Amino acid sequence: MRIGTGWDIHPLVPGRKLLLGGVEIPNPLGESGHSDGDVLVHAIVDALLGALAKGDIGMHFPPSDPAYKDVSSLYLLRRVLDMLGDYAIENIDCTVILQKPKLQPHIQAIRESLAQACSITLERISVKAKTAEGLLGEVGEGKAIIAQSVVLLRKHLSDEECPLEDWV
């Protein structure tokens, strides 16, 4: 088993989409970023890379590289999922901190989008939404968004390592 944590923050600006887990959330402000700015996917990518001891999102997809300008964060996630090798996602637990809009009506769609993107079952994805209670500077003022993620990976076992009769 391997565990990784990820964290990301983006300013909220007019003229950009608010994307969380690949789901567009109706809002007049969206995440500023070199890619599409999906702060939740970025936190998951960092957690996966951390669990694999392979650096962080900026190392693999630098904001100075024009190839990643406005690219879908789900594309970046798929690239990192290709690095899992002998590991599989056991579960992902995430928290999004955003003053507004309220995310509860969108949580199920976000979980479904992430489960599909990661090719895992829905019960392996947890997404929670919190406000900053007016605190945390720009986040509490509604000018920024934070996402945190924890990922647990398990190693695939061969039939020799885990015989079928052990499961019966």
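Keep in mind that the numbers below use all heavy atoms, side chains included, and drop hydrogens, waters and symmetry copies. Computed from a predicted structure; not experimentally measured. When a residue number appears, it is its place in the shown sequence, counting from 1.
Put simply, Ile9 and Leu98 are part of two different groups of oily side chains (I, L, V, M, F, W, Y) that touch within less than 4.5 Å, one to the next. Residues Val80 and Val71 fall within the same hydrophobic cluster, defined by Ile, Leu, Val, Met, Phe, Trp and Tyr side chains chained together at heavy-atom separations under 4.5 Å. A single hydrophobic cluster is not seen to contain both Val139 and Leu20; linkage of ILVMFWY side chains at heavy-atom distances under 4.5 Å, directly or through other members, places them apart. There is a path of hydrophobic side-chain contacts, each under 4.5 Å, that joins Val127 to Ile120.
When all heavy atoms are compared, the tightest approach of His156 to Tyr87 is NE2-O, 3.6 Å. Between Val13 and Ser32 the shortest heavy-atom distance is CG2-CB, 3.9 Å. When all heavy atoms are compared, the tightest approach of Gly21 to Val41 is CA-CG2, 3.7 Å. In this structure, Tyr68 and Pro62 approach most closely via the heavy-atom pair CD1-O, 3.9 Å.
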Checklist entry - Under the side-chain contact (heavy atoms from CB on, under 4.5 Å) criterion, do Val23 and Arg111 qualify, and how do the steps go? => result CA-CA 9 Å; Val23 175; Arg111 289 179 64 223; over 6 Å; no

Item to check | Trace of the side-chain contact (heavy atoms from CB on, under 4.5 Å) decision for Ile89 with Ile125 | outcome: CA-CA 10 Å; Ile89 296 171; Ile125 300 269; over 6 Å; no

Checklist entry - Could you go step by step and tell me if Asp36 and Leu74 meet the side-chain contact (heavy atoms from CB on, under 4.5 Å) rule? => result CA-CA 9 Å; Asp36 65 10; Leu74 292 176; over 6 Å; no

Next on the checklist: Go through it in stages, so that I can follow the logic: the residues are Ile25 and Ile110, the test is side-chain contact (heavy atoms from CB on, under 4.5 Å), and I'd like the CA-CA distance, side-chain angles, deciding distance and then a yes or no.
Outcome noted: CA-CA 10 Å; Ile25 310 298; Ile110 294 168; 4.3 Å; yes

Which atom pairs, one a donor and one an acceptor, fall under 3.5 Å between side chains of residues 49-61 and the rest of the protein, sequence neighbours left out?
from  : atom 1 : to    : atom 2 : distance (Å)
Asp56 : OD1    : Gly58 : N      : 3.1
Asp56 : OD1    : Met59 : N      : 2.9
His60 : NE2    : Lys54 : O      : 2.6

Side-chain donor-acceptor pairs under 3.5 Å in residues 140-148, sequence neighbours left out?
from   : atom 1 : to     : atom 2 : distance (Å)
Glu141 : OE1    : Lys143 : NZ     : 3.2

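Side-chain contact between Pro11 and Glu138 is absent, with no heavy atoms from C-beta onward closer than 4.5 Å. Side-chain contact check for Pro14 versus Leu29: some heavy-atom pair is nearer than 4.5 Å. Contact of the Leu12 side chain with the Glu31 side chain is registered, since non-hydrogen atoms from C-beta on lie closer than 4.5 Å. Put simply, the side chain of Leu40 reaches to within 4.5 Å of the side chain of Cys94, judged on heavy atoms. The shortest distance between side-chain heavy atoms of Pro26 and His106 falls below 4.5 Å. Annotation: side chain of Lys17 is not in contact with side chain of Asp38 (no heavy-atom distance under 4.5 Å). Here the side chains of Leu114 and Ile92 are not in contact, with every heavy-atom distance at 4.5 Å or above.
Using modelled atom types and a 3.5 Å distance limit, the side chains of Glu112 and Gln108 yield a donor-acceptor pair.
Listed for the His34 side chain is a donor-acceptor partner under 3.5 Å among the backbone atoms of Asp65.
Around atom NZ of Lys102, no more than 12 heavy atoms belonging to other residues, nucleotides or ligands sit under 6.0 Å away.
In this structure, SG in Cys118 is found 10.0 Å from CZ in Arg78, a value given to the nearest 0.5 Å.
With sequence neighbours excluded, the residues that form a salt bridge (Lys or Arg N to Asp or Glu O under 4.0 Å) with Arg124 are Glu90.
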